[in-house]
*Asks:* 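Following this message is one structure expressed as structure tokens.
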Amino acid sequence: MTELARLIATKAVSPVEVVRVHLDRIAALDPGLKAYITVCPERALDVARASEGALMAGQSLGPLHGVPYALKDLYDTAGIRTTGGSRIFAERVPQADATVAHRLGHAGAILLGKLNMVEFAYGPEGLNSHYGHSRNPWDRAAHRMAGGSSSGSGVAVAAGLAPGALGSDTGGSIRIPASLCGITGLKPTYGRVSRSGVLPLAWSMDHVGPMTRSAADCALMLGPMAGYDAADPSTSVLPVPDYAAALNGDIKGLRIGLLRAFFLEGATPEVRSAVEAAAATLAGGGAVVDEVDLAAVMTHAAAASMPIVACEALAYHADLLRTRAAEYDPDIARRLRVGAFVGGMHYLRAQQVRALVRDAVDAALARHDVLLAPSTPIAAPALDAREVSLGDGPADVRSALIRFTRPFNLSGHPACSLPCGFTAAGLPVGLQVVGRPFDEATVLRVADAFQRLTDFHARRPVLG
Amino acid sequence: MTTPAIDLDSLRRGARLAGFDWSDAELEEIRPQVEGALRLLRALEAIPLREDAEPTTLYRTV
């Protein structure tokens with residue numbers, strides 16, 4: 001995206017050309033990959049022509065002038081259906097854009113279409129029985145999970161069907177597909193980016209953020225998205241820094257805490273080796289790496305997260321479950337119904353434990369600038385996998401996928417996933433960088449420094 | 001920690017208390033998930049907390 005923005009700004013390429021290339025690629029590859037639910041070719045080309053006209057007239061629309069992108073299909077878009085990945089909302093056409101869609105448009109970005117996702121974002125595997133399962137582009141022989149719930153966002157960026165996309169993350173739904181698809185995804189601090197106009201899964205756990213090929217691209221998208229929004233009372237009034245300017249490649253003396261217990265120890269040997277090698281690479285770049293142990297609180301994350309997500313999700317879906325239950329994917333309906341059996345006492349006790357998790361992460365970040373962990377304990381599993389073997393024993397796939405990401409939805413800290421290696425089978429491995437509240441700049445600086453020292457983020461899946 | 005068993009009648013009462021009128025078949029379908037959730041709730045109750053630990057009803061924003 002960064003390079004495209006530069007080429008467009010210098011008139012080396014035209015926004016119309018760039019949009020057309022992406023639309024052609026979508027037409028050729030998306031029937032097999034199922035990254036998109038809705039493609040908007042006419043609208044995208046109309047906006048691209050206007051963008052080109054502005055450029056030729058010497059006007060700059062913003063940092064993303066003429067750069068195409070796509071949205072997970074839970075961001076409201078005026079005049080374009082927003083399905084939430086559900087048959088129930090198949091014909092739902094919002095009147096107004098979500099705040100971030102509006103802000104990206106104002107910064108010059110051009111919407112290509114709306115991306116596939118797990119129905120109502122409730123699941124980490126990336127499956128969708130209504131619009132088809134997005135296909136992980138890294139394995140053309142086997143059908144592997146793309147990860148979710150922002151499955152289409154992960155696949156579209158990895159396969160070159162969009163240079164950047166937005167996802168949303170309630171238990172890892174940006175970082176899991178970023179990890180499994182070999183791209184860079186950022187879950188900003190809770191309150192950094194507006195959720196207004198974004199279909200909720202669990203209000204107090206939902207975060208929205210960019211999914212791109214590099215940390216530099218994430219920085220480019222995050223700038224215009226971030227900042228206070230009167231329509232979302234949880235947004236912060238803190239000023240938005242220049243994220244791109246923070247990416248100077250310098251990590252000398254930066255204190256990095258490597259999370260071994262619970263995280264590295266719970267990953268497969270291939271994932272563990274790749275993350276350990278990444279820590280060594282960062283140490284080679286001048287960072288000071290030591291180990292941090294947060295296992296005592298991290299083991300509470302599942303018990304604290306379940307009541308919060310179950311209650312908040314059911315509160316949003318209660319009326320629809322009463323009137324249109326048969327239209328949900330049966331697995332999603334089952335998960336939503338569980339919320340009926342969680343009471344207020346347990347919801348609030350979970351919020352008490354949440355404070356414990358947040359305080360422990362804060363304490364670790366008082367001594368370190370960032371923390372490092374695997375994003376997921378496994379690389380992309382086969383689509384029909386139900387159980388996997390981890391470093392500390394067997395686990396069901398769903399629990400395994402969200403195990404390392406979910407704690408930072410509870411705590412609200414910013415966390416980025418970026419590729420840090422490949423398994424022997426050629427599948428990407430994700431590294432998670434966690435930072436202090438509202439310090440996305442340091443998280444992105446570390447991710448960018450790693451990407452200056454390695455080329456994992458530049459590798460592409462071989463597609464037909 | 002053992003899995004708490006829950007019978008159909010308890011599921012019916014729980015669902016009605018929450019305002020849902022689900023069929024026995026629908027309740028039977030979710031029995032494994034409800035038992036899993038109850039197991040997590042027991043684990044939640046066992047987590048030691050300070051007496052003055054306040055719930056974070058919203059993550060602090062600045």
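The shown structure was predicted, so the numbers you read here are calculated from the model rather than taken from an experiment.
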*Asks:* Could you pull out the closest heavy-atom pair between A/A303 and B/I47, with the gap in Å?
*Replies:* CB-CD1, 4.4 Å
*Asks:* Within the 4.5 Å heavy-atom criterion, are A/F341 and B/L11 side-chain neighbours or not?
*Replies:*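 Yes, side chains in contact.
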*Asks:* What part of A/A318 lies closer than 4.5 angstrom to a heavy atom of chain B: side chain, backbone, both or neither?
*Replies:*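 For A/A318, heavy atoms of backbone and side chain both lie under 4.5 Å from chain B.
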*Asks:* Taking side-chain hydrogen bond (donor to acceptor under 3.5 Å, both in side chains) as the definition, give me every residue that meets it alongside A/Y122, ordered by chain and number, with sequence neighbours left out.
*Replies:* none
*Asks:* Keeping the roles fixed (side chain from B/Q33, backbone from A/V338), state whether a donor-acceptor pair exists under 3.5 Å.
*Replies:* no
*Asks:* Relative to chain A, which segment of B/E54 carries a heavy atom at a distance below 4.5 Å: side chain, backbone, both, or neither?
*Replies:* backbone
*Asks:* So do the side chains of A/H300 and B/L44 get within less than 4.5 Å of each other, counting heavy atoms only?
*Replies:*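 No, side chains not in contact.
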*Asks:* With side chain to side chain contact (heavy atoms under 4.5 Å, CB included) as the test, would you mind laying out the steps for A/M306 and B/L41 before giving the verdict?
*Replies:* CA-CA 9 Å; A/M306 184 281 292; B/L41 295 180; 3.7 Å; yes
*Asks:* Counting only heavy atoms from other residues, nucleotides and ligands, does the tally under 6.0 Å from CG of A/D242 exceed 12?
*Replies:* yes
*Asks:* So is A/R337 actually on top of B/F20's ring, under 6.0 Å and inside 45° of the axis?
*Replies:* no
*Asks:* Side chain, backbone, both or neither: which part of A/M345 has a heavy atom under 4.5 Å from chain B?
*Replies:* side chain
*Asks:* Are the side chains of B/T56 and A/L410 in contact, using a 4.5 Å heavy-atom criterion?
*Replies:*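 Result no, sub-4.5 Å side-chain heavy-atom pair not found.
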*Asks:* Is there side-chain contact between B/I30 and A/R335, with heavy atoms separated by less than 4.5 Å?
*Replies:*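 The answer is no, as the side chains (C-beta and beyond) never meet within the 4.5 Å cut-off.
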*Asks:* Between A/R192, A/R349, A/Q352, A/R322, which residue shows the highest count of heavy-atom pairs closer than 4.5 Å to chain B?
*Replies:*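 The option with the most such pairs is A/R349.
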*Asks:* Side chain, backbone, both or neither: which part of A/L314 has a non-hydrogen atom closer than 4.5 Å to chain B?
*Replies:* side chain
*Asks:* For a quick test of reading the model, state the closest non-hydrogen atom pair linking A/A340 to B/A18 and the distance between them.
*Replies:*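 Closest approach of A/A340 to B/A18, heavy atoms only: O-CB, 3.7 Å.
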*Asks:* Starting at CD of B/E26, measure out to CG of A/L321 and round the result to the nearest 0.5 Å.
*Replies:*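 Answer rounded to 0.5 Å: 9.5 Å.
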